[in-house]
Amino acid sequence: MALLQISEPGQTPEPHQRKRAVGIDLGTTNSLVATVRSGSAEAIGAADGSVILPSAVHYSAEGVTVGAEARSRAGKDPYNTMLSVKRLMGRGVADVKSFGDQLPYRFADSDGGMPQIETAAGSVNPVQVSAEILRVLAQRGREALGGDLDGAVITVPAYFDDAQRQATKDAARLAGLHVLRLLNEPTAAAVAYGLDQGEEGVIAVYDLGGGTFDISILRLSKGVFEVLSTGGDTALGGDDFDRAIASWIAGEAGLGTDLDVTTQRALLDTACAAKEQLAQEQSVPVTHGDWQGTLNRATMAEILDPLIDKTLRACKRALRDADLAVDEVGEVVLVGGSTRTLRVRERVEQFFGRQPHAEIDPDQVVAIGAALQADVLVGNKSGDDLLLLDVIPLSLGIETMGGLTEKLIARNTTIPVAKAQEFTTFKDGQTAMAIHVVQGERELVKDCRSLARFELRGIPPMVAGAAHIRVTFQVDADGLLSVTAMEKSSGVSADITVKPSYGLEDEDITRMLRDSYAHAEDDMAARALREAQVEAERALESLLAALQENGAELLSEKELNAMERGMEALRLAHNGGDADEIHRRIEALNEVSEPFAARRMDASIRRAMQGHSLDEFDE
Amino acid sequence: MSAQQTYFDIFGLKPAYDVDRAALSQRYRELQREFHPDKYAAKSSREQMLAMQYAARINEAHTTLRDPVARAGYLLELAGVEVSPEQTTADAEFLMQQMMLREQLEEVRDAADPAAALDDLAAEVSGLFGGEQQAFARGFAAGELEAAKNSLLRLQFLAKLQRQVEELEEDLLD
């Protein structure tokens, strides 16, 4: 057996060097970034010490500002200040119109896909706006950790569909982040608590934000988090509390229902302030214009209870989906600013029959959990102690005759998951077909969300019904869908082109990357080279580690030599200045190392099968 | 994990109807700990793809084996007996029982105490389901595949009825 070659120092990073990884909570109202330093996770502050970055982006001819400064311009310059852009992620123009006047933007006409917003700095889309927020957070991470980031875990709501997840991942790509994983927010929150306390059992994560409610039921057992079910309401949150209280004030003050925007805004501010004060006080004076009144806790409970009831019904449903009774829930975790409202805590405690966890700041708990997971995924921490098994939040289906959906993968199925379905041709000599993939629970296609249309081409011409096309739908651990197809009798794989209904195609992202560099006066070529180099380093490092582990055992001398030549060629390309050449060499190395990867897998399987099958088969 | 390996092979279990759920869960976690794509986040893209495929197959195996109806169907499939989810039974006695149970379900809403009526029905269906599971296990173990197939058809009907009972329960709650 040939000896293994070890690279020169400096060509690949030291294997035991600590990696720089962050967890990012990309929120509707606020965002933040956290990391693990000296063993504990903490949020990373800006230069002024503030941890929370308002999810606001302001565009002007002079440039882009993000955060508190951008938000402060919303009043004076609403058309150029993007707030709550998360609500537009993965959405189409029609969805945006249904939000009505809640979003005061000037939407450019587009072809029905992703909405474009006109600003003083040109037109932007939601993915680009989110990327601006991520850039600021990534920069905080780089400054705090002293160098380029090796990876990030970004959190998304558990109910996010494929298009929304893809949009989030695209935004990260635009911001130059290497995404280790998209993590569900409730799972992240449970990680933040579970790891600190080493609890075992069933956990309910009750997440009430400004505009959304989300409940997840998880099981923690020996370091494995399993999401059993998720549910919620995408249009229910603390803002609705404010509206309910505001309408109570309006009623008490005899204002009627037809109020102008300024009055509405003033009432909402008064309502929000009263709500927050009631966390400390038994009752608070409320004034609006000449009217004066008092709001006490009992009255507020009456006002809020119908809304809180809705959240508890969703909890019941999620428990049923998980096949659990309420007394089987061992821990309850509160997430989101609206869980600061006392009445919410009381009702949640009553419902679950136990005091909920709120020790970690409900605004930071998600980012902290994401940072812990990022630390494991990037390889800083032995992964043996933590594994997250997530589920797909909404059923995936395809359109069949008459606009009906046929479900392929049911909601709450653990991911990753793959499902194959066979199709046949309708006409003689047919060489192409289109598959429309939708997500949702309803019977009719029009009531579900359209995800994408997959066009299959290159089907061998046969008589109608003779071709058997096996289409495999795969959802990865991030909850993202991919589709492959093959004609069974001929073994010909069909070409698939994806037309995302509300997303970006690869060329769009490339173009936006180019635009963003031009915008930031960054050098696209230098950036692309650096990214290719990082990818090369990652590939070399993982292969080297694999070779050291069991290269001698699993490879012939000839194979080992071929692989070493491939690695050497990649090292040379890495030190040269041509990004394309690096990508070609990575591709070539991937090809030679493919059998090795498969054999390593088989070896792991044999290891995993041993010890068990013996005693269980011999009984 | 080759395509030839059955779900039972993957979980190191004997191909029989009775499955130790605790052992199944534990084995599932052990396998995912080994093959979940997160364990390959720092590995080559090729290994990441393989891990995703394996993890998907482990999930599929787990979902099938822990579900009493899917497990029965899978065992019959392995034995070369195909049963489609839409297939119905020609057993007259069972057809009569189906009709009575459906009627009972429809009458729940008009009962004096709908919640109690629904509870009674749920208990009855659950009892029938348990009995049918035993019948399937016996038939399959004895190699009486036709009898086992009939049991599976009854299990499919009862499982569907159980879902309808749950949906009605949810409606009554709201």
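Chain letters run A, B, ... following the sequence lines, proteins first, then strands; residues in each count from 1.
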*Go through B/Glu34, B/Arg29, B/Gln53, B/His62 and name the one with the most non-hydrogen pairs under 4.5 angstrom from chain A.*
B/Arg29
*asked:* Under 4.5 Å from any heavy atom of chain B, what part of A/Ala418 do you find: side chain, backbone, both or neither?
replied: both
*Selection from A/Val378, A/Val475, A/Asp476, A/Thr413 maximising heavy-atom pairs under 4.5 Å formed with chain B*: A/Asp476
*chain B: which of A/Arg600, A/Lys419, A/Arg538 shares the most heavy-atom pairs with it under 4.5 Å?*
A/Arg600
_Return the NZ to CD distance between A/Lys316 and B/Glu169, rounded to the nearest 0.5 Å._
10.0 Å
*Select one option (side chain, backbone, both, neither) describing which atoms of A/Ala545 are under 4.5 Å from chain B's heavy atoms.*
neither
*Is it the backbone or the side chain of A/Leu543 that comes under 4.5 Å from a heavy atom of chain B, or both, or neither?*
neither
*asked:* Please report the interatomic distance CZ(A/Arg599) to CG(B/Leu50), rounded to the nearest 0.5 Å.
replied: 12.5 Å
*Closest approach of B/Glu166 and A/Arg320, non-hydrogen atoms and distance?*
O-NH1, 3.3 Å
*Under 4.5 Å from a heavy atom of chain B, the part of A/Asn590 involved*: side chain
*Kindly compute the distance separating CG (B/Asp38) from CG (A/Leu389), expressed to the nearest 0.5 Å.*
8.5 Å
_Shortest non-hydrogen contact from B/Asn59 toward A/Pro416_ = ND2-O, 2.7 Å
*Let me know if A/Ile415 has heavy atoms under 4.5 Å from chain B in its side chain, its backbone, both or neither.*
backbone
*At what distance, to the nearest 0.5 angstrom, does CE of B/Met49 lie from OG of A/Ser482?*
9.0 Å
